[in-house]
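Throughout, a chain's letter reflects where its sequence line sits, starting with A, and its residues are numbered from 1.
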2 protein chains.
Amino acid sequence: MAGVTERTDQKDRASDPETTVTEGFERPLVTVDVVILTLRAGVLHTLLMKRGADPFQGTWALIGGYIHPQEDEDLEAAARRILRSKAGIDTPYVEQLQGFGDARRDPRGWTVTFAHVALIPSDTLSPRHGANAETVAWWPVDARAVAPPLAFDHARILAAAVTRVRNKVEYTSLPIHLLPPRFTLTDLQRVYEQILGRPIEKSQFRRRIAEANFLETVPGEFRQSSNRPAQIYRIKTGLSTIFFDRTI
Amino acid sequence: MAGVTERTDQKDRASDPETTVTEGFERPLVTVDVVILTLRAGVLHTLLMKRGADPFQGTWALIGGYIHPQEDEDLEAAARRILRSKAGIDTPYVEQLQGFGDARRDPRGWTVTFAHVALIPSDTLSPRHGANAETVAWWPVDARAVAPPLAFDHARILAAAVTRVRNKVEYTSLPIHLLPPRFTLTDLQRVYEQILGRPIEKSQFRRRIAEANFLETVPGEFRQSSNRPAQIYRIKTGLSTIFFDRTI
DNA sequence: CTAAGTTAGTTGCTAAATGACACGAAGTGG
DNA sequence: CCACTTCGTGTCATTTAGCAACTAACTTAG
């Protein structure tokens, strides 16, 4: 069934990775795309950009760009730079999703992209009604689908990003990246519920969060409203996303 | 803090993804690497190849190659072709791990690679002692480390692959890909234990597997030995990797 | 032919974890 | 000061994990 080939022949040698410059094969076009997700009024939204040039001119697409070998340290740095220059978003949570590459996603030929997911705090981005209101906009991501048809295979990438986030929310503290630095436990629970699309028992939720031990109270600070004030929490310094032992 | 930029300026436009051909930026070199994992005598092993040319001539490296735009449908197809041509391994379990790319991993400059993980059944590959015994070999992956120093950032990729597999084994049926098509429940339990590095309670393990409902008995077939024969199982047709509700 | 040894597979029990729910606490507004 | 709302915790039935014992089915030694 499986076995090791006898020898790498001449053709194989020529196409050895990182051995010689490719011979007879064009280098695929490499891009970096970022799926930006946030919660707006309790619904997951993504930031899309209307393409200004062919292919897919006038079609909505993910925020993306090329690697700048002179500027970019690595792939994540490239994603962060693109995020900053194209969407004006600075240093949020960015993680690589996966690569997508084939012959058909771009009419110009074989291309590859490194898809990333960026999470930004709820409602910190106000929708723009200025010069670029018509080229950059938030779109709701309801039941694993967005309203507009997307360029390239971006619908597939977006779906993969949302699936990744939904799965990861089940067993990590990922939602903290969708909240401002200080929040209440009820705020956090709402985010979990909104992304997972199902209610979570309050006492169980609080038990899990307490066990995970990644939050601390801000002593003496409470969210005031027309009822019992809620304790304000923040993430313990030095901690990032926490993995729970079990599902939330 | 976060906001949408006013407009994409001239420079941004020039570097718009998939809009125009890159101007002033070289295309990074694109490769596909595969971390091949199997169990040999109860220990996780990976298949490495000694590099025949610079850079890193004579150093052990992952199996990898270039994308062939004419032949390869997509990234996974490229990984499968490389697997076949370089290691003689056909259609096993292949999944993309993630992309790695920066300016320092290859002395020739900015390169990117799409790292994949391939799992192949235990002990179906006999170690070769033929012509290429010295250029292709199995290496044990013990405590998140392999014996030889690896070329490029392959040590990091290998570590990421092993971490991914270890994590995924906790809550999926991934180990079935490390077994032949027919196996006993004890075989399967052994694989889980060997990869996770801890014992699992027999009765609990069998309960979980039964609940997950992805195996079926092969009626009348038993593994014969010098004691009570064990029922042979196979994966139900049409099912691939199953996700459990809880950890194993 | 039988007893000992080994692995397969199931069952039972106890302690801990989980899920559903209720109740007291702490504020506001009429 | 009473009704109302949300915060936060406590209670308890049910489920699950961890452990161990037990039966089943076979081989081999004597």
Quick one: closest heavy-atom pair of Thr38(B) and Pro121(B), and the distance? OG1-O, 3.1 Å
Minimum heavy-atom distance between Gln224(A) and Pro229(A), given as atom pair plus value: NE2-CG, 3.8 Å
For Arg207(A), answer base if it contacts any base atom (sugar-phosphate contacts may also be present), sugar-phosphate if it contacts only those atoms, and nothing otherwise; contact means non-hydrogen atoms under 4.0 Å. base
Looking for any heavy atom pair under 4.0 Å, which part of the strands does Arg223(B) touch: base, sugar-phosphate only, or nothing? nothing
Got Thr113(A) and Arg105(A) here, is their nearest side-chain heavy-atom distance under 4.5 Å? yes
Residue pair Pro92(A) / Arg80(A), side-chain heavy-atom distance below 4.5 Å: yes
Length of the [atom1]-[atom2] vector between [X] and [N], whole Å:
| X | N | atom1 | atom2 | value |
| --- | --- | --- | --- | --- |
| Arg246(B) | dT18(C) | CZ | P | 7 Å |
| Ile248(A) | dG19(C) | CD1 | C1' | 14 Å |
| Asp245(B) | dG19(C) | CG | P | 11 Å |

Fit a plane to each ring of His177(A) and Tyr93(A), take the angle between them on a 0 to 90° scale, and name the class: parallel (under 30°), tilted (30 to 60°) or perpendicular (over 60°). parallel
How are the rings of Phe243(B) and Tyr171(B) set relative to one another: parallel (under 30°), tilted (30 to 60°) or perpendicular (over 60°)? tilted
Does Glu193(A) come within less than 4.0 Å of Arg198(A), counting only side-chain N to carboxylate O? no
Can you give the first and last nucleotides of DNA chain D, 5' to 3', that have an atom under 4.0 Å from a heavy atom of chain A? dT5(D) to dG10(D)
Given protein heavy atoms under 4.0 Å, the one-letter contact record of nucleotides 5-12 of chain C, with B base, S sugar-phosphate only and - none, is simply BBBBBBB-
Does the gap between the ring centers of Phe205(A) and Tyr192(A) come in under 6.0 Å? yes
